[in-house]
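In what follows, chains carry the letters A, B, and so on, assigned in the order in which the sequence lines appear, proteins first and then strands, with residues in each chain numbered from 1.
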Protein chains: 4
Amino acid sequence: MPTSNSSSDRKKTPVNPPERREEILAVAAEVFAARGYNATTVRTIADAAGMLAGSLYYHFDSKESMLDEILSTFLDELWARYDAVLTAGLGPRQTLEALVTESFREIDRHRCAVAIYQREARHLGARPHFGYLAESQQRFEKAWLGTLERGVADEVFRPDLDVRLTYRFVRDTVWVAASWYRPGGLHSPEEIARQYLSMLLEGIALRA
Amino acid sequence: MPTSNSSSDRKKTPVNPPERREEILAVAAEVFAARGYNATTVRTIADAAGMLAGSLYYHFDSKESMLDEILSTFLDELWARYDAVLTAGLGPRQTLEALVTESFREIDRHRCAVAIYQREARHLGARPHFGYLAESQQRFEKAWLGTLERGVADEVFRPDLDVRLTYRFVRDTVWVAASWYRPGGLHSPEEIARQYLSMLLEGIALRA
Amino acid sequence: MPTSNSSSDRKKTPVNPPERREEILAVAAEVFAARGYNATTVRTIADAAGMLAGSLYYHFDSKESMLDEILSTFLDELWARYDAVLTAGLGPRQTLEALVTESFREIDRHRCAVAIYQREARHLGARPHFGYLAESQQRFEKAWLGTLERGVADEVFRPDLDVRLTYRFVRDTVWVAASWYRPGGLHSPEEIARQYLSMLLEGIALRA
Amino acid sequence: MPTSNSSSDRKKTPVNPPERREEILAVAAEVFAARGYNATTVRTIADAAGMLAGSLYYHFDSKESMLDEILSTFLDELWARYDAVLTAGLGPRQTLEALVTESFREIDRHRCAVAIYQREARHLGARPHFGYLAESQQRFEKAWLGTLERGVADEVFRPDLDVRLTYRFVRDTVWVAASWYRPGGLHSPEEIARQYLSMLLEGIALRA
DNA sequence: GATGAATGAGCGTTCATTCAT
DNA sequence: TATGAATGAACGCTCATTCAT
């Protein structure tokens with residue numbers, strides 16, 4: 001189908017300026033993820049983008065606005081996927097599986113943004129402009145905790161589960177994966193999700 | 001009564017220097033953990049320690065040397081405990097249980113150091129002076145990976161386990177706990193370890 | 001009617017370039033006067049002129065060259081008027097009255113240029129390119145001082161006058177008026193001149 | 001009188017640290033007055049104070065806080081003197097004379113601050129932190145305008161006076177003097193005041 | 001004539017560090 | 001032991017200016 005082909009081409013050939021912004025943003029995300037936001041200088045970003053520090057300010061208002069755009073773009077997409085899962089009318093186990101899978105997929109697509117989020121969300125959430133980070137955190141907790149609780153109520157998860165503790169364990173394991181995951185490596189996001197879900201649901205002990 | 005005298009002196013007049021050092025170090029660990037090493041100024045540490053920034057340099061060579069001492073003290077103690085477990089001749093499941101338990105205990109004792117380690121180890125490991133971080137990382141991997149592999153070989157863990165992936169999941173879940181664990185909270189380290197091990201070994205799904 | 005036709009064209013299509021220049025110059029003068037030369041960015045001027053900063057450089061060599069043109073245009077006109085007065089063969093009192101009146105008229109016509117001149121002349125005079133500012137200052141002093149001295153010699157001004165001091169007082173009062181004068185306000189330039197001359201010549205005290 | 005002598009000495013010998021602040025402030029005022037606040041770099045101030053730019057921040061929060069301290073110190077003193085005059089129960093002519101004299105004295109004491117005030121007050125007044133500048137401006141107008149109006153009512157000033165215009169003329173002449181006055185020059189502040197008052201009250205025209 | 005994108009110098013400010021007292 | 005004052009490098013950012021299109 002040549003039509004869909006040319007439509008995807010349109011996104012890859014550098015026809016229009018807006019792409020420069022996103023190039024810079026990708027570079028910035030990479031550096032923020034590698035060294036931390038505070039430890040990253042705008043000169044480092046500019047170097048990596050092949051320009052001078054001052055030139056960044058033609059495209060962005062500030063270093064912080066780059067961070068903002070990286071994080072909010074990521075969260076917007078994440079929540080689009082999560083909401084699709086949460087409104088699909090799945091049972092608790094299927095919901096859990098879908099959330100885990102989407103999470104690892106998101107790490108695949110936005111590895112840097114996730115890593116930055118992990119590192120900076122807590123202290124950034126305090127600043128008024130980044131209030132959406134704290135909000136997201138709460139929606140997140142509600143989604144996961146609710147799913148676990150529903151699973152216990154529906155008797156698909158163990159009745160003796162400490163759901164708060166379990167929520168934390170799961171949340172951490174999933175997201176921290178951004179710190180070691182490399183796209184194009186041995187495991188696809190779906191494979192990682194499958195492995196993790198197997199461990200989480202069935203445990204690692206061999207059954208008698 | 002000379003006993004009570006010397007005891008009250010200890011709090012008012014600086015009898016023995018080592019204590020001042022450790023006070024400062026504890027304060028430094030607290031703020032490093034809260035705000036990140038780079039985002040922490042020596043003035044913040046000094047303020048919290050009730051002195052001026054310059055005065056810290058009587059006790060320490062540099063900001064980095066404080067970080068160094070915090071991390072190496074923690075790792076020394078961690079490895080003392082780990083080595084005790086690893087040389088105790090336990091089976092793989094008991095070894096795993098003991099390592100998890102010791103890890104949560106270590107988080108309880110050195111919460112700040114663990115949090116700092118999590119945040120900074122990767123990029124610090126590159127600097128020659130902090131080579132011991134990378135070394136520790138490797139010993140760590142060997143201990144956990146070996147235990148998992150031994151468990152699979154001994155048929156106490158599932159044969160279909162991807163041990164590398166499992167290692168990463170376990171390592172992350174355990175150590176990231178430092179970011180939310182609060183000493184003196186609802187759960188003791190041992191309780192948290194028990195809950196996590198139950199989840200890890202048996203899974204969260206309800207058995208038929 | 002070709003006349004009205006060409007007259008309306010002049011406002012819509014850019015027939016002759018010189019007009020664009022002067023539009024920009026007027027805009028620049030306005031913002032230089034309002035915020036000071038140094039505090040004015042070329043972007044501010046360009047915004048107000050409805051173009052991008054870089055585009056200004058098609059019309060002008062530099063920000064400084066705009067300032068230069070504003071000030072020299074103003075001084076050229078000022079001196080044309082002053083010279084007309086000074087060569088008219090008037091007595092000292094009439095000369096003084098005419099200079100004061102022409103000065104307030106000039107403020108009316110070139111308010112911004114006068115305000116800029118007030119603010120920047122002193123430190124600009126040092127730069128070689130703006131030498132004409134210092135020259136103008138000297139011709140200015142000669143004209144006013146000479147008139148005052150002639151007035152004392154001719155016994156139309158008080159013999160106990162400190163002419164240097166009087167010169168400064170008069171000069172300052174006249175030119176600083178540019179900072180509060182608004183064209184089209186309550187008082188015409190001639191009315192202001194009349195009031196000031198009345199005060200200057202007769203004093204404000206009520207005579208017995 | 002040795003007592004008054006030693007008391008003035010106490011201000012010149014550099015005994016205590018607070019004086020460093022004021023040295024820097026004096027230097028900053030000098031440079032602000034000479035080149036304008038915006039055009040002055042902190043490096044210029046630091047150079048003139050014999051230190052590096054960063055060192056200024058040990059003594060002051062910011063460049064703006066230096067400006068603030070310069071202006072508010074000046075205004076505090078000015079208003080102390082003005083209030084003394086205004087509450088002394090003098091007649092309008094004596095009040096006018098006293099205000100003019102105090103103003104020139106203030107120029108003598110705080111020449112730089114006055115020059116800075118002249119240049120920057122208008123646009124600074126807009127910023128909330130410098131609201132006191134606008135307030136001062138209003139008190140100022142009230143004091144002078146009131147005195148002139150009282151003088152007209154009491155028939156010591158001419159009945160045909162446009163008091164608003166006269167106020168502006170007087171205000172400008174007095175304060176702009178800061179731009180040419182040099183302490184220790186030919187004329188004392190009192191002498192300048194006497195000359196200006198003579199001109200203002202009696203006029204410069206020779207009486208028949 | 002004007003734009004979009006970049007340059008490079010310099011700005012106000014921060015901060016780890018030093019050192020005489 | 002601790003302080004007060006300074007250093008100097010680097011930081012985020014601004015801005016006059018350039019230039020291919």
Side-chain angles (χ1 to χ4, degrees), chain A residues 16-18 20-21 24 37-46 49-67, chain B residues 13-14 17 20-21 24 37-46 49-67, chain C residues 13-14 17 20-21 24 37-46 49-67, chain D residues 16-18 20-21 24 37-46 49-67:
Chain A
N16 43 9
R20 193 76 180 102
R21 258 186 91 85
I24 296 171
Y37 173 73
N38 278 307
T40 298
T41 74
V42 295
R43 274 154 180 96
T44 304
I45 300 171
M51 50 174 36
L52 290 177
S55 309
L56 290 175
Y57 290 82
Y58 180 79
H59 301 278
F60 301 94
D61 284 348
S62 65
K63 183 185 165 188
E64 192 175 290
S65 78
M66 294 186 219
L67 177 62
Chain B
T13 49
R20 195 77 182 102
R21 261 186 91 84
I24 296 171
Y37 172 73
N38 277 303
T40 299
T41 73
V42 294
R43 252 199 73 177
T44 306
I45 300 170
M51 49 174 37
L52 290 179
S55 310
L56 290 174
Y57 289 79
Y58 179 80
H59 301 280
F60 301 94
D61 284 349
S62 65
K63 184 184 166 189
E64 195 175 284
S65 77
M66 294 187 219
L67 177 63
Chain C
T13 49
R20 195 79 182 99
R21 261 185 92 84
I24 297 171
Y37 173 73
N38 278 305
T40 299
T41 73
V42 294
R43 253 199 73 177
T44 306
I45 300 170
M51 49 172 38
L52 290 180
S55 310
L56 290 174
Y57 289 80
Y58 178 80
H59 301 279
F60 300 94
D61 283 350
S62 66
K63 184 184 165 189
E64 195 176 283
S65 77
M66 295 186 220
L67 177 62
Chain D
N16 44 8
R20 193 76 181 102
R21 258 186 91 85
I24 297 171
Y37 173 73
N38 277 306
T40 300
T41 75
V42 294
R43 276 155 180 95
T44 305
I45 300 171
M51 50 173 39
L52 290 177
S55 309
L56 291 174
Y57 290 80
Y58 180 79
H59 301 279
F60 301 94
D61 284 347
S62 63
K63 183 185 165 189
E64 191 175 290
S65 78
M66 294 187 219
L67 177 62

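Between the CG atom of L67(D) and the P atom of dT13(E) there is a distance of 12 Å, given to the nearest Å. Rounded to whole Å, atom P of dA2(E) lies 11 Å from atom CZ of F60(C).
For A49(B) against R20(B), the heavy-atom pair with the smallest separation is O-NH2, 3.1 Å. Shortest non-hydrogen contact noted between H59(B) and M51(B) is NE2-CE, 4.1 Å. Between N38(A) and A39(B) the shortest heavy-atom distance is ND2-CB, 3.7 Å. Across all non-hydrogen atoms, the minimal contact from S65(B) to S62(B) is OG-O, 2.8 Å. Taking both residues in full, the closest heavy atoms of K63(B) and T40(B) are given as NZ-O, 2.8 Å, listed atom of the first, atom of the second, then distance. Summarising the geometry of L52(A) relative to A46(A), their closest heavy-atom pair is C-CB, 3.5 Å, with the distance given to 0.1 Å.
Put simply, CZ on R21(B) and OH on Y58(B) are 11.0 Å apart, with the number rounded to the nearest 0.5 Å.
Between R20(A) and dG4(E) there is no side-chain polar atom (N or O) within less than 4.0 angstrom of OP1 or OP2. OP1 and OP2 of dG4(E) both lie 4.0 Å or more from every side-chain N or O belonging to H59(A).
The side-chain contact (heavy atoms from CB on, under 4.5 Å) test applied to Y57(B) returns V42(B), not counting sequence neighbours.
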Secondary structure of DNA chain F in dot-bracket form (Watson-Crick or G-U wobble, distances below 3.5 Å, | marking inter-strand pairs): .||||||||||||||||||||
Can you check each nucleotide of nucleotides 7-17 of chain F against protein heavy atoms at under 4.0 Å and return B for base, S for sugar-phosphate only, - for none, in 5' to 3' order? BB-BSBBBSSB
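If you find the closest nucleotide of DNA chain F to I24(D) and to I24(B), the one lying nearer the 5' end belongs to I24(B).
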